[in-house]
Amino acid sequence: MKQFTTQQLILLRQRMTQQPEIVAQLIAENTVVLNNPVKVPETARATWNLYYFCPDHGVRLKWDRHTPTSHCCPVDGQSFSGEPYDGAWWRELNGLNAKACHQLGLLWQLTGKQGYLDKVRELLMRYAEFYPGYEIHGGIPYNGPGKMNAQTLCEANCMLDFTLGYDCIAEALSAQQREYITSRLLREGAQFLMAHRTAQLHNHEVKIGCAIGVLGFVLEDEALLEFAVNQPYGLRYQLEHGLFEEGLWFEGSIHYHFYALQGFLAFEKLAIGSRWSLLDEPFYKKMLSFPLALLMPDGTFPRINDCIYGQEKLDHSHLYEFAWHYYQDELYAAALKAIRQQYPVPHFDTFVYDSPLPEKLPELIPECHLHAPNCGLTIWRNSQKKRALLIKHTPFGGEHDHYDRLNILLFNGGKEILPDLGTTGYGAPMHYAYYKNSATHNTITVNQTNQPPAVPVVHHYHESDAFCWLDTGVDWRQIPPDLDSHTRVQWDSEAWRDVRFRRRLLWLDNAIIDISNVQNPHSQQIDWTLHLQGKALDSEGECAQFSSQGPLVIMKDARCVQLTNSQPRHFATPHNGQALWLYGHAELWQGNAPDNPAVQDLSYLVLRSKEQTSQFICVWDFDHQQPITDMHVTPDSNGMTIQLRRGERTLLVDLCEEYAVLPQLKTSHIPF
């Protein structure tokens, strides 16, 4: 057995007597397969699990083993049938069968119970019977095809579990059974994966490389290992070329960062101690440590880019148990402590590595500011007030990025006030029609179209006890470097031609000042957007249609007034309410559009202008005891002065247009 030595298995069996809940958990996770006759698709009817979402609410449908042609929405009970839902049902079944092969194989090794062995053997033999005859099929945009499933990634994930399951029971199989399974399923699968690994940086290629590498270990085939690890676009190449300096995976999604890391470490659990292992290279520690620096005040990760609702949780036991065991970094132990508190039933890897945690551990939720210029993320924090502002100035990251350069998100009082919505299942219409678009992020859009790829520039960064300052910009006149990863073109380059966007943010103890400047030489429609978790309390104007095209054509209760000089807006939010002060010469639109999941709405606030030069200023007021009662903006030849009045005191902020000059702050008792 390649996963564990004989001595390790003896030790695990001894631990099992002290932790019987581990066996109970493995049984519970596989009840669908254990309690029903084996069911395996005889033809290539399985498609994509991300089609299995309600088209109206963007939530996952309720999968039922006994209803392969009827699929129920958990929100309103509506039933769906036909494609794409039926094929997605079979993809889920393939996944459950594959997982059961591995986990029931482990149960057999731990308990010796014949029923687990019989179930795994029957599953592997049935898939080996049909796998060579599965027709290659797919059609999922920018994804390679599959055989038992509809994309190469899904094929790799299932093949990994089949291989590990085979490894668990191979010793109990006859020579004829081993030959049948390895030749018709495992080697056939390896050849298919090798033929369809794509020449690109991508989390898919990591998972494919991982599966081929594990197949190489279990089948004792060094040619597979060489292909998986050392060939171009193999695991080593992905690590060397797919990470920013800080350690973030290039796709810019925290979910896909961990998804790629999951692939790497699944391989390393077998590779550890061998010449194929990359554990002692500098990459993994960066990948494990950096995401923890991004944790928000509520202990979740920001849902930037493609992150389906729920994937922002810190629940990666399978990664940090192994990382703590190998690297003994106390930050990983702190992450494990938080995970174990959320999930009282131990993860199987907790049982395997059995590495006790130190009594004293560092705080997990970061308290310090973060400026990561290479990957393009800045986070300012006030840990006492559980406040955090994230500014996204990342380079474009390809297929799983969103078109939202200079997007911002905000937490206050531990609650998300200004969210990044992430997305829903990719097969659900709202993924491309709504969530992935520029217009549904806290940034700008032109004519309700998506931003083309770009690389933002940080003009100036300053951090001190008095204030923090970020001056960053995007220039769509510049052509970004080619990305070594396939990308769907979903933007309008002509609409964005020659547009420039500069965003400056000033972080104070009781306020955030956000200054946006847009150069719009062709007089396109510029929409500067915020969407808040809360109810608008003072929207004004006549009801009107917000847009006749684009993702916000679905906006409800839209109202419009002219913004001149400065105006406040107030929202009932989860934490004490929120006041904003706005300045600019623009139309001020307010309305409601879907949250994520789409079972409730957000409050949208949009400033719209067709001027060739636009300036929008937004001040977030966090002082409920002495709120801002007036705001004046006075432009001059070198910049502007912003005056914020609180009772008898006035804060004056002098801003210069030059990149190198910091804001000048002073307080006056003279009313303006």
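FYI, side chains are in, hydrogens and waters are out, and symmetry mates aren't considered; it's all heavy atoms of this structure.
A donor-acceptor contact under 3.5 angstrom links the side chains of Asn447 and Gln524, judged on distance only. Under 3.5 Å, the side chains of Ser464 and His462 contain a donor-acceptor pair of N or O atoms. Judged purely by distance below 3.5 Å, without hydrogens or angles, the side chains of Thr423 and His431 pair a donor atom with an acceptor atom. Between the side chains of Asp420 and Asn407, at least one donor-acceptor pair of N or O atoms lies under 3.5 Å. Side chains of Glu251 and Asn305: no donor on one and acceptor on the other come within 3.5 Å. If you check the side chains of Gln567 and Arg569, you find a donor sitting under 3.5 Å from an acceptor.
By the 6.0 Å contact criterion, CD on Glu281 is enclosed, its count of non-hydrogen atoms from other residues, nucleotides or ligands being greater than 12. In this structure, Leu537 places its CG atom where more than 12 heavy-atom neighbours from other residues, nucleotides or ligands lie under 6.0 Å away. The number of heavy atoms from other shown groups lying within 6.0 Å of OH (Tyr309) does not exceed 12. Around the NZ atom of Lys285, the shell of radius 6.0 Å holds more than 12 heavy atoms that belong to other residues, nucleotides or ligands. The neighbour count for Glu363 CD, taken as heavy atoms of other residues, nucleotides or ligands under 6.0 Å away, does not exceed 12. For NZ of Lys385, the number of neighbouring non-hydrogen atoms (other residues, nucleotides, ligands) closer than 6.0 Å is greater than 12.
Applying the salt bridge (charged side-chain N to carboxylate O under 4.0 Å, His left out) definition to pairs two or more places apart or across chains, those involving residues 399-409 are Lys392-Asp401, Lys392-Asp404, Asp401-Arg405. Contacts classified as salt bridge (charged side-chain N to carboxylate O under 4.0 Å, His left out) and involving residues 470-485 (residues at least two apart or in different chains) are given here: Asp471-Arg502, Asp475-Arg477. Here salt bridge (charged side-chain N to carboxylate O under 4.0 Å, His left out) pairs that include residues 605-620, with residues two or more places apart or in two chains, are Asp527-Arg608.
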Start with the C-alpha gap between Asp298 and Lys386, add the side-chain angles, then the distance that decides, and say whether salt bridge (charged side-chain N to carboxylate O under 4.0 Å, His left out) holds. CA-CA 8 Å; Asp298 66 348; Lys386 295 185 179 181; over 6 Å; no
With ring-ring contact (aromatic ring centres under 6.0 Å, His included) as the test, would you mind laying out the steps for Tyr426 and His400 before giving the verdict? CA-CA 10 Å; Tyr426 305 156; His400 289 297; 5.6 Å; yes
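Counting heavy atoms from C-beta on, the side chains of Gln525 and Gln448 come closer than 4.5 Å.
Under the side-chain contact (heavy atoms from CB on, under 4.5 Å) criterion, Asp557 pairs with Asn592, sequence neighbours left out. Scanning for ring-ring contact (aromatic ring centres under 6.0 Å, His included) contacts around Phe301 gives Phe258, with sequence neighbours left out.
Arg504 and Glu657 are joined by a salt bridge, as a carboxylate oxygen and a charged side-chain nitrogen come within less than 4.0 angstrom of each other. Using a cut-off of 4.0 Å between Lys/Arg side-chain N and Asp/Glu carboxylate O, Glu245 and Lys286 are scored as salt-bridged.
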Please list, one pair per line, the donor and acceptor atoms closer than 3.5 Å that link side chains of residues 367-374 to other protein atoms, with sequence neighbours excluded.
unit_1, atom_1, unit_2, atom_2, d
His369, ND1, Arg381, N, 3.0
His371, ND1, Thr378, OG1, 2.8

